[in-house]
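Have a look at the structure below before the remarks.
Everything numeric in this text was worked out from a predicted model, so none of it was measured. Numbers restart at 1 for each chain; the letters A, B, ... are given by sequence-line order, proteins then strands.
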There are 2 protein chains.
Amino acid sequence: MWRAYLHATTLLEDHLDRQLQRDAGMPHVYYGLLVHLSQAPRRRMRMTQLAKDAKITRSRLSHAVARLEKSGWVRREDCPSDKRGQNAVLTEEGYAVLRRSAPGHVNAVRQAMFDRLTPEQVGQLGEIMRVMAEGLQPADPKADLPWLR
Amino acid sequence: MWRAYLHATTLLEDHLDRQLQRDAGMPHVYYGLLVHLSQAPRRRMRMTQLAKDAKITRSRLSHAVARLEKSGWVRREDCPSDKRGQNAVLTEEGYAVLRRSAPGHVNAVRQAMFDRLTPEQVGQLGEIMRVMAEGLQPADPKADLPWLR
DNA sequence: ACGCTGTACTTGAACTTTCAACCTCACTCG
DNA sequence: CGAGTGAGGTTGAAAGTTCAAGTACAGCGT
């Protein structure tokens with residue numbers, strides 16, 4: 001079963017990465033960042049929050065945003081209320097790319113997963129993934145030290 | 001559901017990557033290569049075959065083996081029957097690393113997945129992954145051109 | 001024997017990710 | 001206030017991955 005899991009997940013990831021690189025000119029993770037931004041109020045988000053939502057490190061996000069900025073899809077903006085802060089803002093161009101490539105991507109995902117699974121299986125998989133994620137929640141650093149709370 | 005899937009799989013991958021980097025000094029993919037080699041007859045395998053089994057490109061494998069060679073865990077060997085060919089050979093040292101780190105890794109996997117899922121869920125997940133993998137099989141390049149067969 | 005096509009693998013450059021160090025600003029507390 | 005602690009974010013270098021091109025041998029047809 002573990003083998004099957006590894007096999008399937010790597011295949012799917014490679015597949016989607018190629019699809020997006022081809023159709024949208026960016027890897028899957030970067031695409032995910034644009035999606036997150038597009039769904040945020042005013043299409044902008046604080047760096048740390050975006051990193052958390054996308055489950056990547058702040059460092060990785062810094063580099064990623066630098067690249068997306070170079071491509072013109074994201075812009076940085078100083079945060080008015082906290083002088084340390086930065087907002088990542090989805091540009092019009094970035095939004096356009098997203099709109100252009102979203103249908104193809106959604107389609108790729110559907111073809112790869114949903115079309116092949118029965119509705120019950122989709123339900124099962126959802127539940128399983130929720131359980132797994134719960135167990136892997138990057139533990140609150142203080143979780144090990146409850147006496148400090 | 002798709003969100004849950006992305007969330008859980010990336011969390012798990014990060015988790016295992018860190019675990020192995022810490023305990024075995026290499027990323028998950030490289031560990032997988034050693035495992036494959038360890039299970040092959042005479043602990044050696046042709047490069048292309050290894051790449052296929054591990055689901056990575058030949059290029060990636062070349063670089064990976066170069067690194068593993070530098071670490072002393074794998075050795076290259078000319079293939080006697082085909083002068084173009086190379087065999088990747090697991091060294092004693094490589095085997096030792098594997099033996100040392102396997103229990104911890106197996107344990108990490110168990111804790112992350114199997115301990116949290118019911119036996120039925122494990123069965124369901126296995127079936128689901130098999131279905132997905134089947135649909136993603138890197139298609140035979142000629143698959144699109146059946147008239148050429 | 002000759003050239004053609006394809007297989008096996010490597011290489012280098014461009015790109016992405018990680019890791020550890022770093023800077024700046026916010027907050028707390030004596 | 002002023003020092004200490006820590007949060008927000010960036011940076012540069014090292015490690016890993018991808019992509020396109022390249023070398024060398026195998027195998028086939030003529």
Side-chain angles (χ1 to χ4, degrees), chain A residues 10 13-22 24-33 44-71 74-89 138 140-142 148, chain B residues 10 13-22 24-33 44-71 74-89 138 140-142 148:
Chain A
T10 68
E13 236 201 277
D14 288 5
H15 180 63
L16 294 181
D17 248 340
R18 274 170 218 290
Q19 186 262 322
L20 279 176
Q21 190 70 57
R22 183 163 46 71
M26 70 190 112
H28 195 191
V29 182
Y30 289 28
Y31 181 87
L33 294 178
R44 70 199 58 211
M45 223 185 277
R46 285 291 291 273
M47 294 293 277
T48 296
Q49 189 56 45
L50 179 50
K52 265 182 201 152
D53 286 13
K55 274 91 196 175
I56 65 179
T57 62
R58 274 174 322 202
S59 170
R60 189 175 175 181
L61 181 60
S62 261
H63 290 297
V65 168
R67 196 277 215 185
L68 290 172
E69 213 169 8
K70 218 174 285 180
S71 304
V74 165
R75 185 163 34 85
R76 276 180 226 253
E77 202 176 56
D78 289 351
C79 174
S81 59
D82 185 335
K83 278 178 199 162
R84 295 167 303 179
Q86 292 280 107
N87 274 310
V89 187
D140 179 342
K142 297 193 190 82
L148 282 184
Chain B
T10 69
E13 236 201 274
D14 289 5
H15 180 63
L16 294 182
D17 248 339
R18 272 170 220 292
Q19 187 262 321
L20 280 176
Q21 190 70 57
R22 184 165 43 73
M26 71 190 114
H28 194 191
V29 181
Y30 289 27
Y31 181 87
L33 294 177
R44 70 197 59 210
M45 224 186 277
R46 286 291 291 271
M47 294 292 277
T48 298
Q49 189 56 45
L50 180 51
K52 265 182 203 153
D53 286 13
K55 273 91 197 174
I56 65 178
T57 62
R58 285 191 314 271
S59 169
R60 190 175 175 180
L61 180 61
S62 262
H63 290 297
V65 168
R67 194 279 215 185
L68 290 172
E69 215 169 6
K70 218 174 286 181
S71 304
V74 166
R75 185 164 35 84
R76 277 180 226 249
E77 203 176 57
D78 289 351
C79 173
S81 59
D82 185 335
K83 279 177 197 160
R84 296 166 303 179
Q86 292 280 108
N87 274 310
V89 187
D140 179 343
K142 298 194 189 81
L148 282 184

For atom CG of B/L50 and atom P of C/dA8, their distance in whole Å: 14 Å
A/R46 and A/N87, any side-chain heavy atoms less than 4.5 Å apart: yes
Whole-Å distance separating the NZ atom of A/K52 from the P atom of D/dG8: 6 Å
Could you pull out all donor-acceptor pairs under 3.5 Å where a side-chain atom in residues 47-62 of chain A meets a protein atom, sequence neighbours excluded?
| residue | atom | partner | partner atom | Å |
| --- | --- | --- | --- | --- |
| A/Q49 | NE2 | A/D53 | OD1 | 2.9 |
| A/K55 | NZ | A/D53 | O | 3.3 |
| A/T57 | OG1 | A/R60 | N | 3.1 |

For A/R67, all residues meeting side-chain hydrogen bond (donor to acceptor under 3.5 Å, both in side chains), sequence neighbours excluded: A/S71
Rounded distance (Å) that lies between atom P of D/dT11 and atom CZ of A/R58: 14 Å
Sugar-phosphate only, base, or nothing, as touched by B/S62 at under 4.0 Å among non-hydrogen atoms: base
Under 4.0 angstrom between B/R46 side-chain N/O and C/dT7 OP1 or OP2: no
Spacing between A/Q86 atom CD and C/dC25 atom P, to the nearest angstrom: 12 Å
A/R84: partners by salt bridge (Lys or Arg N to Asp or Glu O under 4.0 Å), with sequence neighbours left out: A/D82
Interatomic distance, B/H28 NE2 vs D/dT17 P [rounded to whole Å]: 12 Å
Between D/dT17 (P) and A/E13 (CD): distance, integer Å: 12 Å
Between C/dT10 (C1') and B/D78 (CG): distance, integer Å: 13 Å
Where A/L33 and A/A64 come nearest, the two heavy atoms and their spacing: CD1-CB, 3.8 Å
Sugar-phosphate or base contact per nucleotide [nucleotides 20-27 of chain D; S, B, -; heavy atom under 4.0 Å]: ----BBS-
By side-chain hydrogen bond (donor to acceptor under 3.5 Å, both in side chains) - contacts of A/E69 (at least two apart): A/R76
Any residue meeting side-chain hydrogen bond (donor to acceptor under 3.5 Å, both in side chains) with B/R44, in chain and number order, not counting sequence neighbours: B/E77
Beyond-backbone contact of A/C79 with A/Q86, side-chain heavy atoms, under 4.5 angstrom: no
Between C/dT18 (P) and B/R22 (CZ): distance, integer Å: 16 Å
Side-chain N,O (A/T48) to OP1/OP2 (D/dG9) below 4.0 Å: yes
N/O contacts under 3.5 Å, protein versus nucleotides 14-17 of chain C?
| residue | atom | partner | partner atom | Å |
| --- | --- | --- | --- | --- |
| C/dT16 | OP1 | A/R67 | NE | 3.1 |
| C/dT16 | OP1 | A/R67 | NH2 | 3.0 |
| C/dT16 | OP2 | A/R67 | NE | 3.4 |
| C/dT17 | OP1 | A/R60 | NH2 | 2.6 |
| C/dT17 | OP2 | A/Y30 | OH | 3.2 |
| C/dT17 | O5' | A/R60 | NE | 3.4 |

Counterpart residues, side-chain hydrogen bond (donor to acceptor under 3.5 Å, both in side chains), relative to A/Q19 (two or more places apart): A/D23, A/H105
N or O in side chain of B/R76 less than 4.0 angstrom from C/dT10 OP1/OP2: yes
